[in-house]
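Source: prediction; values computed, not measured.
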Amino acid sequence: MAANAKNLDGDRAIALCLGILTSLTASRTGAVELDALCTELDASEEGIDEALSLLQSIADERSGARIAIARLGGTLSLMGDAGRLAPLRLTEPEANALSQALKRCKLDGDVRARISRALDPVQTSGHADRLLAGDALFGGFFPIIAEAISIGARMRMRYRTAGQSSPSERTIDPGFIEVSGDAAYLAAWDVEKDEQRSYRLDRIDDVVLTDDSVIDHPFARRSTAESLRDHGDTALIRWSSQQAFDSCTWAGLDRDRARTLEDGGVEAPVSYTSEAWLFDQILAAGGRIVIASPPELRDRLIAYAR
């Protein structure tokens, strides 16, 4: 058994706290023997007691619930559900956002590797390279925005729209982050205009958390197709045949507005947020897909192909 572990350093304290919660959560009865726990975690009773004190001082940010662990003789028991560890299920955009943020965090190599392995099913799904195009995707304020969403804090931010030469200030209640194409957006409630708006993360110039809490708003979550139409540009695309059109799975493809041409081809509008992505799809089709309009987009495709 390890020597007295009083005054644990930060890393050791975190490791012990997580080890205790993991063992209690894994136990069917929600109880573990202290001696067995000390052996498993290579810790002294004093070290376990110090970690228990730390754990029971933690409260959930939203509910205020505290972790309750009872010690009766040589047995530790978890009381209630506040301390139970449950798997965190991320959506693909959330996992990609976390992966991108981890690249900029100065984490221990082993910690980074473990988290990367946990995210691996998402990272190798075929979409991660397109979504994680570099820091430009999530801008420089993703951690503080994620914190505001987590704790329900109102924000003031400086934001620059596509046509603005300088940013303007907005007061917003953050809702959620979504990814469309190779751009990420914050869905938030504009307090002054009293309506939902979307803001590209890479156009945010500054963020400050206020002392005010958000209030409930009727946020509308859009589908990928709706998000592409809201955030992106639209081009008229032509497929050489009905079969080529039917096999296309692009989220921004508006099938309801498709029309069949006299030569058997099909034309339909496509919404997109990344020209490079659209150009890559067209070039990969080997002539079966072309841009019908606008003509300037065709010109940029030719320049891109060179």
Side-chain angles (χ1 to χ4, degrees), residues 61-63 88-102 104 119 122 125 127-128 130-164 167-234 250-254 269-275 277:
E61 290 173 325
R62 287 186 178 275
S63 67
L88 176 62
R89 302 188 182 278
L90 301 176
T91 65
E92 184 170 335
E94 289 169 339
N96 282 316
L98 176 57
S99 177
Q100 183 70 7
L102 288 172
R104 299 196 294 271
L119 292 174
V122 171
S125 67
H127 300 291
R130 175 167 63 84
L131 295 176
L132 298 180
D135 285 353
L137 177 63
F138 293 101
F141 300 97
F142 176 80
I144 191 170
I145 293 171
E147 179 187 359
I149 293 172
S150 173
I151 66 177
R154 180 164 288 179
M155 295 169 26
R156 280 196 304 272
M157 71 174 183
R158 290 172 57 79
Y159 182 76
R160 175 178 42 81
T161 62
Q164 282 184 310
S168 58
E169 188 167 291
R170 320 286 175 93
T171 300
I172 60 170
D173 287 347
F176 55 90
I177 291 173
E178 57 184 356
V179 176
S180 294
D182 61 357
Y185 300 86
L186 169 65
W189 200 267
D190 187 306
V191 175
E192 293 180 1
K193 296 181 179 177
D194 196 26
E195 60 185 21
Q196 181 175 336
R197 293 294 177 90
S198 290
Y199 305 96
R200 276 184 62 139
L201 297 191
D202 60 349
R203 292 180 182 160
I204 296 176
D205 279 24
D206 192 26
V207 169
V208 176
L209 301 190
T210 72
D211 293 331
D212 298 326
S213 298
V214 302
I215 61 176
D216 289 334
H217 299 288
F219 281 110
R221 288 186 177 267
R222 298 170 177 82
S223 66
T224 302
E226 291 171 331
S227 182
L228 286 169
R229 285 196 291 270
D230 289 345
H231 300 315
D233 297 311
T234 300
W250 301 347
L253 174 57
D254 191 344
V270 172
S271 298
Y272 61 94
T273 57
S274 168
E275 279 194 359
W277 171 84

inquiry  = Using side-chain contact (heavy atoms from CB on, under 4.5 Å), reason through Asp194 and Asp190 one step at a time and then give a plain yes or no.
reply    = CA-CA 5 Å; Asp194 196 26; Asp190 187 306; over 6 Å; no
query = Given Ile172 and Met157, is the side-chain contact (heavy atoms from CB on, under 4.5 Å) satisfied, shown in steps?
reply = CA-CA 8 Å; Ile172 60 170; Met157 71 174 183; 3.8 Å; yes
key: Stepwise side-chain contact (heavy atoms from CB on, under 4.5 Å) check, Ser198 with Glu178   = CA-CA 9 Å; Ser198 290; Glu178 57 184 356; 4.0 Å; yes
query = Please walk me through it: do His217 and Gln196 pass side-chain contact (heavy atoms from CB on, under 4.5 Å)?
reply = CA-CA 8 Å; His217 299 288; Gln196 181 175 336; over 6 Å; no
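Of the inter-residue distances, the one linking Phe141 atom CZ with Leu201 atom CG reads 11.0 Å to the nearest 0.5 angstrom. To the nearest 0.5 Å, atoms CZ (Phe142) and CD1 (Ile204) are separated by 11.0 Å. Put simply, CZ on Arg200 and CG on Leu186 are 13.5 Å apart, with the number rounded to the nearest 0.5 Å.
Under the side-chain hydrogen bond (donor to acceptor under 3.5 Å, both in side chains) criterion, Arg197 pairs with Glu195, sequence neighbours left out. Under the salt bridge (Lys or Arg N to Asp or Glu O under 4.0 Å) criterion, Asp254 pairs with Arg257, sequence neighbours left out.
Closest approach of Pro174 and Ile149 over heavy atoms only: CB-CG1, 3.8 Å. Counting all heavy atoms, side chain and backbone alike, Tyr199 lies closest to Ala188 at CE1-CB, 4.0 Å. The nearest pair of heavy atoms linking Phe176 to Ala220 is CZ-O, 3.9 Å.
In this structure, the side chain of Tyr159 does not engage the main chain of Asp206 through any donor-acceptor pair within 3.5 Å.
Residues Tyr185 and Ile177 fail the side-chain proximity criterion, which asks for heavy atoms closer than 4.5 Å.
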For a quick test of your reading: what N or O donor-acceptor pairs under 3.5 Å do the side chains of residues 208-216 make, sequence neighbours left out?
from: Thr210; atom 1: OG1; to: Arg154; atom 2: O; distance (Å): 3.0
from: Thr210; atom 1: OG1; to: Asp212; atom 2: N; distance (Å): 3.2

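A 6.0 Å sphere centred on CZ of Arg170 holds more than 12 heavy atoms belonging to other residues, nucleotides or ligands.
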